[in-house]
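Keep in mind that what you see is a predicted model, and the values were worked out from it rather than measured.
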Amino acid sequence: MKILEINHLKKNFDTLEVITDISLSVEEGEVLSIIGPSGSGKSTVLRCATMLETMDGGDLIYSGEYAAKNVNGRSVYAPNKQLKEIHKQFGLVFQNFNLFPHYSVWKNIVDAPLHVQRISRQEAEERADTLLKKLGLADKKDAYPCQLSGGQQQRVSIARALALQPKILFFDEPTSALDPELTGEVLKVIKELAAEKMTMIIVTHEMQFAREISDRIIFMEGGVIVDQGTPEELFHTSNARVQDFIGKFKA
């Protein structure tokens, strides 16, 4: 079953065309990584997919339901009530954590299920408790973000996204704000989620990680998909540009 489908996405910022024409889909349980040079439009694709940016053209479909439909060359969005329901299908982990600094770790995780999903406090707290144990943060529940390392803050961000029990999780360069020694602990968590068949789209500069974890990899440049395939296909591609980009990681 397709969890996400994007057809002919276009996105401009004023007169600058950032996404020319992007189409992709993700099946349930699949891990898709998006790689490419800075400025290629990778993060913009994620921001459009999660409706943080408005698409200028194309379709956005979650589990067969249109969030946006291309009409006469323009993306027309579904009514707000429908979009609110579609929002519940995905979670997003930002590169800079985006935790509420004045909330404890516990409150950062518990608040969204309580207020967004309107579940009981008991259920929200049970979810938070389970996730903190799973991510090795049980002893940090009363800490504040400023008291945590970058790796711990990112793990809290992942726990907060998972607390909403999304069908698909988006990661926008989840390790780019971390020191190299803290990167490993975050990548370990994402690998564990992949092993549990969590559907994910990951924008990353970690080439070896993308190779190990992905079912498919997309290489983007200049607002288009230049090449895509399984990790082995992409790492042994005949495309000179892709070879140049990932060549130093090739086996």
Side-chain angles (χ1 to χ4, degrees), residues 1-28 30-96 98 116 157 161 164 166-174 176-177 199-205 210 214-229 234 239 241-242 245:
M1 177 188 174
K2 283 190 175 69
I3 299 294
L4 172 69
E5 196 173 348
I6 296 173
N7 298 320
H8 304 296
L9 164 62
K10 292 175 173 52
K11 178 62 185 175
N12 302 324
F13 290 109
D14 296 323
T15 57
L16 179 64
E17 186 179 62
V18 180
I19 304 293
T20 306
D21 185 355
I22 293 280
S23 296
L24 62 85
S25 63
V26 186
E27 299 282 337
E28 187 174 4
E30 187 178 19
V31 177
L32 173 69
S33 289
I34 305 177
I35 64 171
S38 297
S40 59
K42 305 183 302 294
S43 292
T44 302
V45 170
L46 248 60
R47 291 181 67 82
C48 288
T50 54
M51 295 184 261
L52 291 172
E53 297 286 356
T54 305
M55 294 163 51
D56 291 315
D59 303 320
L60 178 62
I61 309 163
Y62 279 93
S63 304
E65 189 175 3
Y66 279 84
K69 185 178 281 192
N70 198 69
V71 179
N72 297 325
R74 303 288 297 174
S75 295
V76 177
Y77 281 79
N80 283 337
K81 186 177 179 183
Q82 194 174 332
L83 291 180
K84 203 170 180 180
E85 288 302 308
I86 291 172
H87 262 280
K88 295 177 183 177
Q89 295 197 39
F90 61 80
L92 175 60
V93 177
F94 298 89
Q95 55 185 296
N96 293 315
N98 278 36
V116 176
S157 296
L164 291 166
K167 289 184 178 180
I168 181 171
L169 204 49
F170 295 90
F171 291 88
D172 186 9
E173 297 188 17
S176 67
T199 311
M200 294 184 281
I201 294 185
I202 306 165
V203 168
T204 183
H205 285 297
S214 307
D215 295 299
R216 283 187 300 125
I217 301 176
I218 283 173
F219 179 87
M220 276 185 65
E221 187 167 47
V224 298
I225 294 172
V226 174
D227 202 356
Q228 61 181 309
L234 209 73
N239 185 298
R241 177 64 187 105
V242 182
F245 185 78

Any chance the side chains of S63 and K167 put a donor and an acceptor closer than 3.5 Å? yes
For the pair S75 (side chain) and G58 (backbone), establish whether a donor and an acceptor sit closer than 3.5 Å, ignoring hydrogens and angles. yes
What residues form a salt bridge (Lys or Arg N to Asp or Glu O under 4.0 Å) with D56, not counting sequence neighbours? R74
Checking D14 side chain against L16 main chain: does a donor-acceptor pair fall under 3.5 Å? no
Provide the closest heavy-atom pair for E27 versus K2 in the form atom of the first, atom of the second, distance. OE2-CG, 3.4 Å
Are the side chain of K42 and the backbone of G36 linked by a donor-acceptor contact shorter than 3.5 Å? yes
Looking only at side-chain N and O atoms, does E28 offer a donor or acceptor that is under 3.5 Å from a partner on T199? no
Taking every non-hydrogen atom, the tightest pair across A49 and I6: CB-CD1, 4.0 Å
Identify the two heavy atoms, one from P174 and one from I202, that lie closest to each other, and give their separation to 0.1 Å. CD-CG2, 4.4 Å
In a check of side-chain contact (heavy atoms from CB on, under 4.5 Å) between I34 and each of I225, D172, L46, I22, which one passes? L46
Return the minimal non-hydrogen interatomic distance between H87 and T50, and the atom names on each side. CE1-O, 3.8 Å
Of all residues at least two apart in sequence or in a different chain, which pass the salt bridge (Lys or Arg N to Asp or Glu O under 4.0 Å) check with E85? K88
For L83 and A67, the nearest pair of non-hydrogen atoms, with its separation, is CD2-O, 3.5 Å
Using 0.5 Å steps for rounding, measure from the CG atom of L4 to the CG atom of L24. 6.0 Å
Quick check against the 3.5 Å criterion: does D59 have a side-chain atom that pairs as donor or acceptor with the backbone of N70? yes
Starting at OH of Y77, measure out to CE of M55 and round the result to the nearest 0.5 Å. 5.0 Å
Which value, rounded to the nearest 0.5 Å, describes the distance between D21 atom CG and N7 atom CG? 9.5 Å
Between CZ of R216 and OG of S25, what distance do you get to the nearest 0.5 Å? 5.5 Å
For residues I35 and H205, determine if any side-chain heavy atom of one lies less than 4.5 Å from a side-chain heavy atom of the other. no
